Asks: 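Would you mind keeping the following structure in view while I ask a few things?
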Amino acid sequence: VIVVGAGAAGVGVSISLMHAGVEDFLLVDRDTIGSSFASWPEETRFITPSFPSNSIGMLDLNSIAIGVSPAFNMRVEHPTGKQYAAHLQGLADYFELPVGEGLEIKSIEKSGDIFNLKVDDKTLQAKNVIWAAGEYQHPSINIFDGSELCRHTSTVPKYGDLEGDDFIIIGGYESGIDGAYHLAKNNKKVRVFDINCPWGEASSDPSIALSTFSFERMRHPSFDENVELFAEAMISSVTLVDGTYEVTTQDNVIHRSKVQPLLASGFEGSHKFVSHLFEKRDDGFPLLSERDESTIIPGMYLCGPSVRHDNHDFCFIYKYRQRFGIVAQSIASSLDIDTDDFVDGYRGWGMYLDDLSCCGQECLTC
């Protein structure tokens, strides 16, 4: 097996492969373990709290492996990206995962029963491939006229170092509110625009509504004093006129600022690089079997925030980790490895979700 991407999904599913009895695998990354987390803005923290709850049979929300708790290891409830990257490196070291860093996969093709993964000067081969490359390195930027004039929040090293006093943020979900909060704490004026109204959403689904952590920070006095929220305000264009950015909404209202607008528009995801190996759903995400395997290329699997089933969205760590065991068991069983004990153990820890009939908002609100 070759696992592509050494982030939370890649490290997590690699550990699951080990637990399932799969010995011959390699975890590869074009950079280093946890590099996407390490590139987060310095102030950004996990919105999901870590808590050392393993002793009562509940896995830490930010854990990617059975028996592991970031809260217990780091003594931090809301870790930064750099802290979590160090955590992932620690897990790779502890479990002695076979890792190949600095290996950028240029292409993946299947010939017969073997996948050929081309790197710069060599070809890696495997019977199974797990695409776990994530999404953070692939921001969504081409979404309206002039969006190239904006700066995506994923490229901000530190909000406290940004120059200017009057910021416009396009996108009001988690990263938009995160940026607004940190800018407001530095006494910057901020206007946040969102096509919907995530801060007013009544849903308990964290894929739609803001996290409790964000709501708590929005009550900070500096946020209330410095941030103005614009709900249901779709941006149609951004132009630069004589050194002033003009942000025009769909109803032709123009908002101006001398500061480059920040784009908190989310991410396209890396699955687009392997689109030829999957059928496509109506929403553009890969169509998966019940084992998170390609429906057209046997042995090609998907792990991470791009996993979708029906209307179920596995975009957060505590969601997509529930499918690690599904993938690991599928591969192990194809190699004639007995997985009964593995499945029982993973199911007991909520790491083997094969029944999606109670998954989503209805389940969360009952």
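Remember, it's a predicted structure, so these values are computed and weren't measured experimentally. Below, all heavy atoms of this structure are taken into account, side chains as well, without hydrogens, waters or symmetry copies.
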Asks: Answer yes or no: is there a donor N or O on one side and an acceptor on the other, between the side chain of T248 and the main chain of N252, under 3.5 Å?
Replies: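 Not a single qualifying donor-acceptor pair exists.
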
Asks: So, using salt bridge (charged side-chain N to carboxylate O under 4.0 Å, His left out) as the criterion, who are the partners of K258 when residues are at least two apart?
Replies: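 By the salt bridge (charged side-chain N to carboxylate O under 4.0 Å, His left out) rule, K258 matches no residue at all.
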
Asks: Ignoring hydrogens and angles, tell me if any N or O in the side chain of S63 forms a donor-acceptor pair with the backbone of L59 under 3.5 Å.
Replies: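 A pair under 3.5 Å: no.
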
Asks: Please go through I141's hydrophobic cluster and name the other residues, only I, L, V, M, F, W, Y counting, with side-chain heavy atoms under 4.5 Å joining them.
Replies: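 When side chains under 4.5 Å apart are linked, the cluster holding I141 also contains I143, F144, L149, I168, I170, F193, F230, I235, V238, L240, Y245, V247, L263.
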
Asks: Quick one: which residue pairs count as a salt bridge (charged side-chain N to carboxylate O under 4.0 Å, His left out) with a foot in residues 90-100, not counting sequence neighbours?
Replies: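 Counting only pairs at least two positions apart or across chains, no salt bridge (charged side-chain N to carboxylate O under 4.0 Å, His left out) contact touches residues 90-100.
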
Asks: What verdict does the side chain to side chain donor-acceptor pair (under 3.5 Å) test give for T44 and D178, after you've listed the backbone C-alpha separation in whole Å, the side-chain angles of each residue and the deciding distance to 0.1 Å?
Replies: CA-CA 7 Å; T44 298; D178 180 62; 2.7 Å; yes

Asks: Got a sec, which hydrophobics cluster with I195, joining ILVMFWY side chains under 4.5 Å apart, including via others?
Replies: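 Traced through the cluster, I195 reaches M234.
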
Asks: Is the F213 to H78 ring centre distance short of 6.0 Å?
Replies: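 So the answer is yes for these two rings.
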
Asks: Just by modelled atom types, is the T155 backbone N or O under 3.5 Å from a matching donor or acceptor in the R151 side chain?
Replies: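 Judged by distance alone, yes, a pair lies under 3.5 Å.
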
Asks: Listed by chain and number, what are the ring pair (Phe, Tyr, Trp, His ring centres under 6.0 Å) partners of F267, not counting sequence neighbours?
Replies: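 Testing F267 for ring pair (Phe, Tyr, Trp, His ring centres under 6.0 Å), a comparison that skips the adjacent residues, returns Y136, H152.
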
Asks: Verify the neighbour count for atom CG of D24: are there more than 12 heavy atoms of other residues, nucleotides or ligands below 6.0 Å?
Replies: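 No - once you tally the heavy atoms of other residues, nucleotides and ligands closer than 6.0 Å, there are 12 at most.
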
Asks: Taking the side chain from R291 and the backbone from L288, do they hold a donor-acceptor pair closer than 3.5 Å?
Replies: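 Such a contact is absent between R291 side chain and L288 backbone.
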
Asks: When you look at OH of Y94, are more than 12 heavy atoms from neighbouring residues, nucleotides or ligands closer to it than 6.0 Å?
Replies: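 No, the 6.0 Å shell around OH holds no more than 12 heavy atoms from other groups.
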
Asks: For residues F316 and Y320, establish whether the separation of their ring centroids is below 6.0 Å.
Replies: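 F316 vs Y320: aromatic centres not under 6.0 Å.
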
Asks: What residues form a ring pair (Phe, Tyr, Trp, His ring centres under 6.0 Å) with F273, not counting sequence neighbours?
Replies: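 Expected list: H138.
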
Asks: With a 3.5 Å distance limit and no angle check, can you tell me whether E174 reaches the backbone of S211 through a side-chain donor-acceptor pair?
Replies: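 Here the side-chain-to-backbone pair exists.
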
Asks: Between H87 and Y84 (judged by ring centroids, cut-off 6.0 Å), do the two rings come close enough to count as a pair?
Replies: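 Between H87 and Y84, the centre distance is under 6.0 Å.
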
Asks: Any carboxylate oxygen within less than 4.0 angstrom of a Lys/Arg side-chain nitrogen, looking at R191 and E228?
Replies: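 No salt bridge links R191 with E228.
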
